[in-house]
Every structure is written in structure tokens, then in C-alpha cells.
Amino acid sequence: MEKKKIPTHILTASLLCVFVLVMVVVLAIEFRSQKTEEPIYKGAGVTDVLHLSDYLPSLKGTSADTEIYVLDSGVPGASMLVLGGTHPNEPSGYISAVMLVESCQPQCGTLYVIPRANNSAFTCTDPQEASPMRFTITTAGGDRSFRFGSRATNPIDQWPDNEVYVHASSGQTLSGSETRNLNRAYPGRADGNLTERTAYAITEFIKDKKVTITVDLHEASPEYTTVNAIVAHEDSLELAQTAMMFELEGCMKITVERSPQNLHGLTHRELGDFTDTLALLMETANASQGRLHGATSSELVTTGADKFYYRAGQYGALTVAYPESGIGIDERCARHITSLKAFADYYMGDAGVLDLGEIPSYSEIIANGIGAYLASPQS
Ligand SMILES: [Zn+2]
């Protein structure tokens, strides 16, 4: 009997189905791997670890719950909260916060650090950006890998976005995609969406601990107007200007901008309005976030070296001077850390003294690399 041949089109379709199924499995495993948190090692200064869910129990068990590291010197004084990872695609804020947890030892007052303020946004990258999922920092004891996340809460955790986002306490309307932006959700709502609940828990923490100064660490594209800048609520303007005049100007070019009163949902506006904290936000220049760079890679995230940004700088199209060698993560972290120390040093209010202890200087961080101040990878 003659054997029947499988028609070519059925064979091709079957092979394509198998190929698609294999790709789905491979990509799903890769996508899920971004949920695995890289370790943050508690340094000698850490005295306690709290969670956002301590301030809003409905966050417990959600991907928004995250650690609040407490570094209490044991000597009464002022306090500072550092927010890293509000936008996990702005890695110098995250890495600076991790560095404080791992190596800061305050001598007077208390430092609080939330390295992954929008924890959910660390579990995905932004669509259509071809961003790397991770980048590497070299420490004294070897390389450490960190996730490069998204600007917004993972849509798997909060979906769908409305066409228009209405900020709850002001009624301000923005594009629907801003519904998942933590820095448009403050002061937040206890019964709101996951992003609003995250903002609410942070606001409640600040009220409960009577945090003296809150600094939210960010990055922006080099062509953005607010970059290498401190944005200050009107109550914290004097602190920002004093710190800049007496300490920061000597080592780096930085500007101070007043928080606009009609732009709602941001830390430097709402935390200043709804709590007694002195609210400040920092921006450094991150080429991997911008619109003008070439191929996105983990090297671009850390070195900032990009021939198109260099050329744009030559044409005067950028807000900051852009060297051929790039603006690397060491310099960006050095800016954040030097500014945090200056805010602590120049605070003169009723809460008393805040002494963050031995903090490497701007030039030391650039010379040795930020990895020199991170813990070595531990098994
Ligand atoms: Zn940001």
C-alpha cells in the first residue's frame, strides 16, 4: 500500500506552532526571572527592617510590599528618609540607596532607606524600549547584578489603565499611563489602586516617624530641562539652597528648582503639603532613559557612553555637558550621595543634629567607583 505524504502546508504550520510554543515557554521563564530580588546586604548601621505593609496591611503579600531599612544611631536627633527606586529605570537612585544600607553608619539621628520604593516596577521593563533586564556593578569581592526595571508599576499587578488618570486629592488629569507612576500618586489612598496604596504607606510612614527630611532619588534624560538638579518644596528651599551654596557648588554643577504648586502627585509637592517633612527630589543625567541614544545595553546604563549623546552635546542640544566617555553611574551616584550628606550637614531645624557618619566624598566615589562602597556578593 502506498504511504500517504503529509501535505507541506500542514507540516510547515505544525513546525511553526512548535516553534511559537517553545519561544513562549523560554520568554515566560525569562520574564518571570525578573521577579527574583537581588540581595541587599544589611550593613553594620542597620538596626531594624520594617515593611510598607506595617503601614498599610493590605499591601502584605503583594509585589508592592518592600523593606524600610532603619539605621538608628542611638543618639536622638533629626531623621532622613531616602527613597530609591521610585522609578527603577533610573538606577543611580536605587544603587545610592543600596550603598547607604550596606555601608552608612549614622552617628547622630536616624536614617531610613527604602531602596525599592516601587517594588512592583522592578519586575518588568518598559514596553518598546529594548531595555536590558539587568546591569552589573563590580565590587571588591566580585560582580553584582541589579535589575533595571520600569518607570511604572508592572501591568500584571495593576491593570487596566483608564484613558485619563485623575489624581485623587487634587483632581488633576494626566495621561492614563501615569496611573501606574508612583511619583504621580502621592499622598496616596488607603483604598486606592496598588500604586496609590504604595504612596499612602510611604506617606503614613513619614507621618508616624515624623521624618525630618525626605529625599527622592531620580534620573532624567540628558536633554530634559530638570537634570543635575534639586527640586525643593517651598518649605525645603532654604535647606537646598544652603547645601548647594556652601558645599555642592565646590564639587559639581547643580541647580535648585522650586516645586511647582500646580503639578500634583509628586513627592516634592505632596509630601511637603501633607506631612511635616522637608521634601526634596534629585535628578541626575541617565543616557539610557533618553530619546537620543543608540542601542540600549547594560553598558549604556552604567557608563552612559553613547556617540549620539556626545554628538548632541556638541550641537548644544543637551541640558548638561556630555563628555565622550559618558556620564557614568559612579558620577551619578556621587551626586546623589554628596547631596544627601550636604542636606544632613546643613539642616539647622528644631529636630536636632543629623550626622550620617563617614560618607565617601564626591571625588572618592568617582575615583574608586560606587562598587567600592557596596558589599561583596555573598553566597
Ligand atoms: Zn524619575
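Start at 1 and go down the list; that is how both ligands and their atoms are numbered. This chain uses plain numbering: 1 for the first residue, then up along the sequence.
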Just by distance, with hydrogens left out, do Asn368 and Tyr373 show a side-chain donor and acceptor under 3.5 Å apart?
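Looking only at side-chain atoms, Tyr373 and Asn368 do form a donor-acceptor pair, the distance falling under 3.5 Å.
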Give a yes-or-no answer on whether the side chains of His218 and Asn286 include a donor-acceptor pair shorter than 3.5 Å.
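There is no such pair between these side chains.
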Considering the options Leu182, Leu217, Ile114, which one meets the side chain to side chain contact (heavy atoms under 4.5 Å, CB included) requirement together with Leu83?
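Going through Leu182, Leu217, Ile114 one by one, the side chain to side chain contact (heavy atoms under 4.5 Å, CB included) with Leu83 is satisfied by Ile114 alone.
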Minimum-distance N/O/S atom that His87 presents toward the Zn ion (ligand 1)
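This residue's closest N, O or S atom turns out to be ND1.
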Which atom, counting only N, O or S, brings His218 closest to the Zn ion (ligand 1)?
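The atom in question is ND1.
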Min side-chain heavy-atom separation Thr179-Gln158 under 4.5 Å
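When only atoms from C-beta onward are counted, Gln158 and Thr179 do touch, with a gap below 4.5 Å.
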Do you see an N/O/S atom of Glu219, backbone or side chain, under 2.8 Å from the Zn ion (ligand 1)?
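Here the distance criterion (N, O or S atom, under 2.8 Å) is not met by Glu219, so no.
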